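Beneath this line is the structure, given in structure tokens, with notes to follow.
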Amino acid sequence: MAINLQDLFLGVAAKYLSAVDAEPTKSNQHEIGGLIKAGFRDALGEPQNGEKSKYQAHLVYISDEDDFITCNATVTWYDSRYNSPNRSAEYRLYYETTVVTSRLKEGDFFLIGMHQDGHLLMVFSPPGSPAENQLRWLFGINEMKTVFSRGNLTKHEIVLPVQMLLEELGINLFDDVSENENFLELILQRFGETGFPSTAVFSEFARQLVSKDVDPLHSPDATLIHWMGFEEKLFRIYERYHVQKKLKEGFGEKGDDVDEFISYSLSVQNRRKSRVGHAFEGHLEKIFQIHQIRFERGGKGKVTENGNRPDFIFPSFNAYHTADYPASSLLMLGAKTTCKDRWRQVLSEADRLPVKHLITLEAAISCTQTDEMRAKNLQLIVPKSLHVTYTEFQQSWLMDLNSFIKIARN
């Protein structure tokens, strides 16, 4: 999915929080300066005569564990030197203590953006976190300091994990689809209104709809990206249809059962997360079949040492467990749409193999993590179009799906 960031934002900037920004010692409030120099003059304006401008803001803190803490708040933009007429104006953004700002520490990454509709997005995370790397890549912020660096609002091809990150930030790209009604009609013709089919069945349906738009034989990297993005779009259309029906019905006998509503909401979130991983493995399986590669997926009875269940073994689990079958003719592939710290799970899934392989759709993984992967003999595979989100040094080591297929076929 391609998006033009200028359609979403009037301006974006980022910095590392100073001690004054994040940990004031004399009050529970926080003030951020420097936004005028970062290009927010037109977006925020310059209040005069002691006036204070109020803005609605969506605040998000993303932890190292990829947990999201969010809240909405009103922030105040004002001239802190209004009562000092002999000094030039100094505009600051004032915000009170919330569940988000109470987490802030000196050195944390901070990104602020002004939406086209006038409300603010304020995102915080520990320095060097996956969220920082992805947001810096997305908004073209190359240099980070304790003063703001402007973002570069350009057109981007957005892959699924970044779409889902933006969704957590309140930016829903899945709804902006002009063909929704046509696709919904096709989905209802195929699956009806009773419920969701299995991920494998829905994935095959999505592949059939875009079969003419991709070439899995000659362009497996682009095909994988396209299949994942298109299937998620179809799923969100179908999901919205079902959720809207449920909202109209209500929850419980009187339609207002809060506990039932919360339970239903959690089930929607859990289904989204679980099916993405299954879809990823399923699309990879289809590509390997098209390339006529011998492999097996992990599952019931398909395990390695200690009951570990790798996602893929090449050429087979039987070969893996045959003592005199050469380890040099075996491959293991883990598949995770996002790595985070879960990539370490792959290290113990095939003891016979000195080098493990892991494929992901995650953009802009930190150098610290990829250095550790290299040190532990884990080869990372990322679709070719995402290589630009990594440093030149990382790119020299990364593998793409097409290269892995050549190795597996041999």
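It should be emphasised that the depicted structure is a prediction, and the values quoted were computed from it without experimental measurement.
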Q) Between Ile405 and Leu401, does a side-chain contact (heavy atoms from CB on, under 4.5 Å) hold up when you go through it step by step? A) CA-CA 6 Å; Ile405 286 172; Leu401 178 57; 4.0 Å; yes
Q: Decide side-chain contact (heavy atoms from CB on, under 4.5 Å) for Phe109 and Leu135; before the verdict, give the C-alpha distance in whole Å, the side-chain angles of both, and the deciding distance to 0.1 Å.
A: CA-CA 10 Å; Phe109 171 77; Leu135 291 171; 4.0 Å; yes
Q: Run the numbers on His357 and Met399 for side-chain contact (heavy atoms from CB on, under 4.5 Å), then give the verdict.
A: CA-CA 10 Å; His357 291 78; Met399 184 180 289; 4.3 Å; yes
Q. Step by step, would you call Glu260 with Lys246 a salt bridge (charged side-chain N to carboxylate O under 4.0 Å, His left out)?
A. CA-CA 11 Å; Glu260 186 175 321; Lys246 182 60 178 175; 3.7 Å; yes
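Relative ring orientation between Phe196 and His242 is described as tilted, the plane-to-plane angle lying within the 30° to 60° band. Relative ring orientation between His283 and Trp227 is described as tilted, the plane-to-plane angle lying within the 30° to 60° band. Using the six-membered ring where Trp is involved, Phe295 and Phe288 have ring planes that are perpendicular, over 60° apart on the 30 and 60° scheme.
No side-chain donor-acceptor contact under 3.5 Å links Gln134 to the backbone of Ala364. Judged by distance alone, with hydrogens and angles left aside, the side-chain atoms of Gln48 form a donor-acceptor pair with the main-chain N or O of Glu46 at under 3.5 Å. In terms of modelled atom types and a separation under 3.5 Å, the side chain of Asp67 and the main chain of Ser63 share no donor-acceptor contact. In this structure a side-chain-to-backbone donor-acceptor pair under 3.5 Å is missing from His387 to Glu392. Side-chain atoms of Ser274 come within 3.5 Å of backbone atoms of Asn270 as a donor-acceptor pair (strictly under, hydrogens ignored). Checking side-chain atoms of Thr98 against main-chain N and O of Thr101 turns up a donor-acceptor pair under 3.5 Å. Of the possible donor and acceptor atoms, one in the side chain of Ser80 sits under 3.5 Å from a partner among the backbone N and O of Glu90.
Aromatic pair Tyr264/Phe251: centroids less than 6.0 angstrom apart. Here Tyr55 and Trp77 keep their ring centres 6.0 angstrom or further from each other. Checked against the 6.0 Å centroid criterion, the rings of Tyr94 and His30 do not qualify as a close aromatic pair. Aromatic pair Tyr241/Phe191: ring centres not closer than 6.0 Å.
In summary, Glu231 and Arg207 do not engage in a salt bridge, as defined by a charged side-chain N under 4.0 Å from a carboxylate O. Classification of Arg236 and Glu167 as a salt-bridged pair holds, one side-chain N sitting under 4.0 Å from a carboxylate O. A salt bridge does not link Arg190 with Glu185: every distance from a Lys NZ or Arg NE/NH1/NH2 to an Asp or Glu carboxylate oxygen is 4.0 Å or more. Looking at Lys356 and Glu349, no side-chain N of the basic residue comes within less than 4.0 Å of a carboxylate O on the acidic one, giving no salt bridge. Between Lys336 and Glu281, no side-chain nitrogen of the basic residue sits less than 4.0 Å from a carboxylate oxygen of the acidic one, so the salt-bridge criterion is not met.
Distance check, rounded to the nearest 0.5 Å: OH of Tyr390 to OG of Ser366 gives 9.5 Å. Atom CD of residue Glu239 and atom CZ of residue Arg272 lie 4.0 Å apart, to the nearest 0.5 angstrom. Note that NE2 of His58 is 12.0 Å distant from CG of Leu120, once rounded to the nearest 0.5 Å.
Under a cut-off of 6.0 angstrom, the local environment of NZ in Lys376 is sparse, with at most 12 non-hydrogen atoms contributed by other residues, nucleotides or ligands. Atom OH of Tyr325 sits in a crowded spot, with more than 12 heavy atoms from other residues, nucleotides or ligands closer than 6.0 Å. Taking a 6.0 Å sphere around CD of Gln269, one finds it holds more than 12 heavy atoms contributed by other residues, nucleotides or ligands. With a 6.0 Å radius and a threshold of 12 heavy atoms from other residues, nucleotides or ligands, Lys245 has its NZ atom above the threshold. Within a 6.0 Å sphere centred on NE2 of His278, heavy atoms belonging to other residues, nucleotides or ligands number 12 at most. Within a 6.0 Å sphere centred on CD of Gln292, other residues, nucleotides and ligands contribute 12 heavy atoms or fewer. Around the CZ atom of Arg294, the shell of radius 6.0 Å holds no more than 12 heavy atoms that belong to other residues, nucleotides or ligands.
Taking 4.5 Å as the limit, every side-chain heavy atom of Pro310 sits out of range of all side-chain heavy atoms of Leu333. Tyr238 places a side-chain heavy atom less than 4.5 Å from the side chain of Pro197. The closest side-chain heavy-atom distance from Gln163 to Glu232 is not below 4.5 Å. Side-chain atoms of Leu224 and Leu284, non-hydrogen and from C-beta on, do get closer than 4.5 Å to each other. A heavy-atom distance below 4.5 Å is found between the side chains of Met373 and Trp343.
Side chains of Glu31 and Tyr78: a donor on one and an acceptor on the other come within 3.5 Å. Under 3.5 Å, the side chains of Asp117 and His115 contain no donor-acceptor pair of N or O atoms.
Judged by the 6.0 Å distance and 45° axis criteria, Lys15 is not positioned over the aromatic ring of Phe110. Relative to the six-membered ring of Phe235, Arg275 meets both conditions, a distance below 6.0 Å and an angle of at most 45° to the axis. Seen from the ring of Tyr320, Arg352 counts as a face-on cation partner, given the 6.0 Å and 45° thresholds.
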